[in-house]
Amino acid sequence: MNKYKVVMTGGLMVPALERIQKECAVKQWEKVDPIPREILFDWLKDAEGLIVTGNIRVDEELLQHAPKLKVIVQAAVGYDNIDIEACTRHGILFGNTPGVLVDATADLAFSLLLCSARRIHEGWDFVRAGSWRPGYNMSFGIDLAGKTLGIVGMGQIGAAVAKRARAFGMNVIYYNRNRRIDDEKIGATYETFDVLLGKADCVIVLTPLSKETRGLFGREQFSRMKPTAYFINVSRGPVVDTDALLDALKTGKIAYGALDVTDPEPLPGDHPLLKLSNILVTPHIGSATTETRTAMAQLAADNLLAGLAGRPLPACVNINKGK
Ligand code: DGY
């Protein structure tokens, strides 16, 4: 049987990779550094499918080097690295992996809030350094029960975070482009963005990166927040102006930051944000559990194999039919 030609710019969980390899001849980039554009362009000459990773920009130039491409998939829900309009112009389907990562990402968002509120990582550093003695004076954290959580970006992950927050006794308010009446049943109240900034004790950002949300949090927004506020970003780094956040944390405009995503990403080891004591940064691990990454990889494989066979994709972002 003739196998479909597929290019992969990174790794994929083994069960999904094995399914793909049964039907496809795969060229896979296995190094940690991103595949150089010229090598990728060469590989794409005869490729029908592309499994892309978030460190690759899919734009008009790339698509012009891929005349036979029918389908592009990415094992992620976010797709800010993909020019969707260009894919559509070229008649190429693009599939992502929504839904399957909701709980893992909501868990991570809430973990960042809990860890910051209770200074878990500071405590661990303190103990590991051998500094823990009776009567030690590590700084206190805050209670979450009774506090107001503001969720910016109320999609499926936002709703899952809201449920967790309610279970911890928090009041939940949210801002979203469109009001989400169904999610209000779990006890989340809609507020305008500005009102949310002023009311929230903790803000969790979950909005996708787009033209509208790039730089959504800048100096003005941080100055509207409470000086006691906790700020958590689990969406994409460029939704936040990094210099403005640095300044807000240094000057006490807000109390604490926790970031799973940064701009740039990764932050260089000597970045001034990493020198602050009121910040926690994790390396973009929102969906990084074995179960969730496997489910994402399987959905990406479903999307790929459907697109190659001319069937609708289970999770398609643009036109949902074959070339
Ligand atoms: C996603 O699914 O978009 C995660 O952030 C992984 O990139």
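Keep in mind that the numbers below use all heavy atoms, side chains included, and drop hydrogens, waters and symmetry copies. Counting convention: from 1, in listed order, for ligands and their atoms alike.
Residues Tyr256 and Phe231 keep their aromatic ring centres 6.0 Å or farther apart.
A side-chain donor-acceptor contact under 3.5 Å links Thr53 and Thr9. With hydrogens and angles left out, the side-chain atoms of Glu60 and His90 include a donor and acceptor closer than 3.5 Å.
Remark: Asp59 engages Arg37 in a salt bridge, criterion side-chain N to carboxylate O under 4.0 Å.
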Per-pair distances, ligand 1 N/O vs protein N/O, less than 3.5 Å:
{"residue": "ligand 1", "atom": "2 (O)", "partner": "Val77", "partner atom": "N", "Å": "2.7"}
{"residue": "ligand 1", "atom": "3 (O)", "partner": "Val77", "partner atom": "N", "Å": "3.4"}
{"residue": "ligand 1", "atom": "3 (O)", "partner": "Gly78", "partner atom": "N", "Å": "2.8"}
{"residue": "ligand 1", "atom": "3 (O)", "partner": "Arg236", "partner atom": "NH2", "Å": "2.8"}
{"residue": "ligand 1", "atom": "5 (O)", "partner": "Arg236", "partner atom": "NH1", "Å": "2.8"}
{"residue": "ligand 1", "atom": "5 (O)", "partner": "His284", "partner atom": "NE2", "Å": "2.8"}
{"residue": "ligand 1", "atom": "7 (O)", "partner": "His284", "partner atom": "NE2", "Å": "3.4"}

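Using bins of under 30°, 30° to 60° and over 60° for the plane-to-plane angle, the ring pair Phe193/Tyr175 lands in the tilted bin.
Side chains of Pro314 and Leu299 form a contact here, defined as non-hydrogen atoms less than 4.5 Å apart.
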